[in-house]
Peer 1: 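A single structure is presented below for examination.
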Amino acid sequence: MANISPEHSTRPRRQRDHLDHAEGRLATDPELLSRVQFALTASFHFIYPPLSMGLGLMMVMVGVAYARTKDPKWRQLSFFWVKVYGLIFALGVATGVVQEFEFGMNWADYSRFVGNVFGSLLAAEGVFAFFLEGGFLGLLLFGGNRLGPRMWLFATIVVVFGAHFSALWIIMANSWMQTPQGFETVTSPAPTRAVMTDFWQVVFTPSFIPRLLHVFFASWTAGAALMMSVSAFYVLKGRNVDLAKSNLKLALAAFIVFSVANFGLAGPQQAIEVTNQQPLKLASMEGLWDTQSCAPLVLVGWVDEATKTTTGIAIPCLLSVLAYLNPQAVVQGINGFPGDPTPPINLVFQVYHLMFALGSLFVPIGLLAGLLYWRKQRLLHTRWLLWILVGTVFFVEMAIIAGWWTAEIGRQPWVVYNVLATADGVSPTISGFDVATSLGMFIALYAILLVLFLYLLNRAIHEGPQPLEDVETVDRTTLPDTFREIFARRDRASSSGEPSGEI
């Protein structure tokens, strides 16, 4: 591209040749199949981290409610939601580990090139975040009924912090791929690779903060939607109604705040970052072919890449306003990038507009439900809206995955933007047959995992929150509620020479 800096221009000749023969490269079976395989595994994995971050934050709110009010219904809800969280965490781990192997098997040249930068960020995620989340989640799952309200809340906060800290490193690594900086390309000794020169430039790459906020708010919206969905289902079925009403009130308020903040604040900031850093991606997202001022925003439409036209319903000048806060601002079109390979324009256009359409619907759904709830709880008797709330979590997940597709497919044909072509990251010795075989196995395995996840989640929801007397092993008023009490009991048990039945 025209804006490649000198440090990026040392790209090997093999990579430049690939860019000049894009059609032949796209027809290469190992590359195409490897891209499909990674898209499948990453998309399936991405179902779970947003839910774990969002549901975890909602669990903190439930824990705060119990610590403040001492109302046992919040304690009962805490035990219920931690079981759901554990299921989501298990599936997230199982599906996430697979991608680590794919880096080596399918994308060996990519791993060699970015290992000095990307590897350290992934290692930090595992060392500093994953074990923190997993360790304290084990405490909640297997020892939470022996913790007082404040210690339960502390353990929950640590779990949620671990989930968000883990996501921070992953988003940091992915943001570096979108807007790489803080490195130099070294050709000797072979192989050619990116070497980190400034850690803080790598961390605070231009796309990092906007992407972090967008992912966090979207994840919080998903967690609130899950809690809202289950609560609305209980109200509709007349089960656990007292618990469901309290839970619905909490989740609905959070859903409104997070969806409005994501649509009105985090999302636009992400769009501004794309405008400034990846203008070709912006033009592809909007199906804008010609550079023009007062650029229109297409609400819904279709892109014909053969004729280089976009048809649909458009609002004049709105793209210029959203991108530059100026209705007469000039937005560069796809044709303004001569000679550059482009991403699959129509696919990027459609998934972006799917994300945008769904995100814009969550705000009125939440506001309408909130209005009816706070007006004499009419929401509890508005069955059609309750059913919409039940289904909202699925649409939030769909919007999140569509957003991820927009970001990753819109970056093509680069795996590291303006630095390393996707075709040059594929393992040189892998065959199309190898990838096709593993892809078929992944499809079968992930279908089984999805069915198993939905079955276990559905069973947990139908079983509902257990009565406290079936969960609590000791009187909760005697449970340790500070670190001092925990260690005092441990010291007494040690001095007596007998194992303690409590923490």
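Just so you know, these numbers use all the heavy atoms, side chains as well, and skip hydrogens, waters and symmetry mates.
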Peer 1: Is there a donor-acceptor pair under 3.5 Å between the side chain of Thr185 and the backbone N or O of Ala194?
Peer 2: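 Such a contact is absent between Thr185 side chain and Ala194 backbone.
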
Peer 1: Quick check against the 3.5 Å criterion: does Asp304 have a side-chain atom that pairs as donor or acceptor with the backbone of Thr309?
Peer 2: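 No.
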
Peer 1: The criterion is side chain to side chain contact (heavy atoms under 4.5 Å, CB included); which residues satisfy it with Pro343, sequence neighbours excluded?
Peer 2: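 In terms of side chain to side chain contact (heavy atoms under 4.5 Å, CB included), with neighbours along the sequence ignored, Pro343 is linked to Leu280, Ser284, Ile345, Val348, Gln412.
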
Peer 1: According to the interplanar angle, ranging from 0 to 90°, do the rings of Phe362 and Phe255 count as parallel (below 30°), tilted (30 to 60°) or perpendicular (above 60°)?
Peer 2: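 Geometry flag for Phe255 against Phe362: perpendicular rings.
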
Peer 1: Taking Trp176 as the fixed residue, which of Phe204, Phe118, Phe183 is the one that meets the ring pair (Phe, Tyr, Trp, His ring centres under 6.0 Å) rule?
Peer 2: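 One option only clears the test, and that one is Phe183.
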
Peer 1: Has the side chain of Gln181 got a donor or acceptor atom that lies under 3.5 Å from a matching backbone atom of Gln201?
Peer 2: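 At least one qualifying donor-acceptor pair exists.
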
Peer 1: Drop me the distance from Met58's CE to Leu51's CG, to the nearest 0.5 angstrom.
Peer 2: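 One finds 12.5 Å between CE of Met58 and CG of Leu51.
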
Peer 1: When the ring planes of Phe46 and Trp404 are compared, do they come out parallel, tilted or perpendicular, using 30° and 60° as the limits?
Peer 2: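 Taking Trp404 first and then Phe46, their aromatic rings sit tilted (interplane angle of 30° to 60°).
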
Peer 1: What pair of heavy atoms forms the shortest contact from Val415 to Thr422, and how long is it?
Peer 2: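 Taking Val415 first and Thr422 second, the nearest heavy atoms are N-OG1, 3.3 Å.
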
Peer 1: Do Ile365 and Leu389 pass the side chain to side chain contact (heavy atoms under 4.5 Å, CB included) test, and can you show the C-alpha distance, the side-chain angles, and the key distance before you say yes or no?
Peer 2: CA-CA 8 Å; Ile365 288 174; Leu389 297 185; 3.9 Å; yes

Peer 1: Applying side chain to side chain contact (heavy atoms under 4.5 Å, CB included), name anything that partners Ser207, two or more places apart in sequence or on another chain.
Peer 2: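 Checked Ser207 against side chain to side chain contact (heavy atoms under 4.5 Å, CB included); matches are Ser175, Gln178, Thr179, Thr205, Arg211, Glu273.
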
Peer 1: Ignoring hydrogens and angles, tell me if any N or O in the side chain of Tyr234 forms a donor-acceptor pair with the backbone of Ile461 under 3.5 Å.
Peer 2: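 Side chain of Tyr234 to backbone of Ile461, a donor-acceptor pair under 3.5 Å: yes, one is there.
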
Peer 1: To the nearest 0.5 Å, tell me how far Gln270 CD sits from Leu212 CG.
Peer 2: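 The CG atom of Leu212 is 10.5 Å from CD of Gln270, to the nearest 0.5 Å.
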
Peer 1: Between Ser360 and Ala357, is there a donor-acceptor pair closer than 3.5 Å when you use the side chain of the first and the backbone of the second?
Peer 2: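 Looks like yes, one N/O pair under 3.5 Å.
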
Peer 1: Using modelled atom types and a 3.5 Å cut-off, is there a donor and acceptor pairing between side-chain atoms of Ser293 and backbone atoms of Val330?
Peer 2: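 No, because the side chain of Ser293 does not come within donor-acceptor range (under 3.5 Å) of the backbone of Val330.
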
Peer 1: Not counting sequence neighbours, which residues clear side chain to side chain contact (heavy atoms under 4.5 Å, CB included) with Pro191? List them please.
Peer 2: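 Arg112.
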
Peer 1: Distance check, rounded to the nearest 0.5 Å: Arg459 atom CZ versus Leu457 atom CG?
Peer 2: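 Between Arg459 CZ and Leu457 CG, I get 11.0 Å after rounding to 0.5 Å.
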
Peer 1: State whether the side chain of His353 and the backbone N or O of Phe349 hold a donor-acceptor pair below 3.5 Å, judged by distance alone.
Peer 2: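 Yes, His353 side chain to Phe349 backbone: donor-acceptor pair under 3.5 Å.
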
Peer 1: My understanding is that only residues two or more places apart in sequence, or in another chain, count here; which of them pass ring-ring contact (aromatic ring centres under 6.0 Å, His included) with Phe161?
Peer 2: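 Here the qualifying residues are Phe165.
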
Peer 1: Go through Trp81 and Asn247 one step at a time and tell me if the side chain to side chain contact (heavy atoms under 4.5 Å, CB included) criterion holds.
Peer 2: CA-CA 11 Å; Trp81 286 114; Asn247 213 180; 2.9 Å; yes

Peer 1: For Leu454, is the CG atom crowded, meaning more than 12 foreign heavy atoms sit under 6.0 Å from it?
Peer 2: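 Count over threshold, so yes.
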
Peer 1: Report yes or no: does Thr406 contribute a side-chain atom to a donor-acceptor pair with the main-chain N or O of Ala402 at less than 3.5 Å?
Peer 2: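 Confirmed, Thr406 side chain pairs with Ala402 backbone.
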
Peer 1: Which side-chain N or O atoms in residues 440-453 pair as donor and acceptor under 3.5 Å with protein atoms at least two apart or in another chain?
Peer 2:
none

Peer 1: If you measure from OH on Tyr373 to CD1 on Ile256, what distance do you get to the nearest 0.5 Å?
Peer 2: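 Result: 11.5 Å between the selected atoms.
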
Peer 1: Classify the ring geometry between Phe103 and Phe38 as parallel (under 30°), tilted (30 to 60°) or perpendicular (over 60°).
Peer 2: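 Rings of Phe103 and Phe38: tilted, as their planes differ by 30° to 60°.
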
Peer 1: Are any side-chain N or O atoms of Ser427 and backbone N or O atoms of Ala108, one a donor and one an acceptor, separated by less than 3.5 Å?
Peer 2: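 Answer holds: yes.
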
Peer 1: Write out all pairs satisfying ring-ring contact (aromatic ring centres under 6.0 Å, His included) with one or both partners inside residues 258-307, taking only residues at least two apart or from two chains.
Peer 2: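 Counting only pairs at least two positions apart or across chains, the ring-ring contact (aromatic ring centres under 6.0 Å, His included) contacts touching residues 258-307 are Trp220-Phe258, Phe263-Phe356.
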
Peer 1: Output the distance between atom CG (Leu33) and atom CG (Leu439), rounded to the nearest 0.5 Å.
Peer 2: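 It is 6.5 Å, given to the nearest 0.5 Å.
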
Peer 1: Within this structure, what is the CG-CD distance for the pair Leu282 and Gln278, rounded to the nearest 0.5 Å?
Peer 2: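 Leu282 CG to Gln278 CD: 10.0 Å, rounded to 0.5 Å.
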
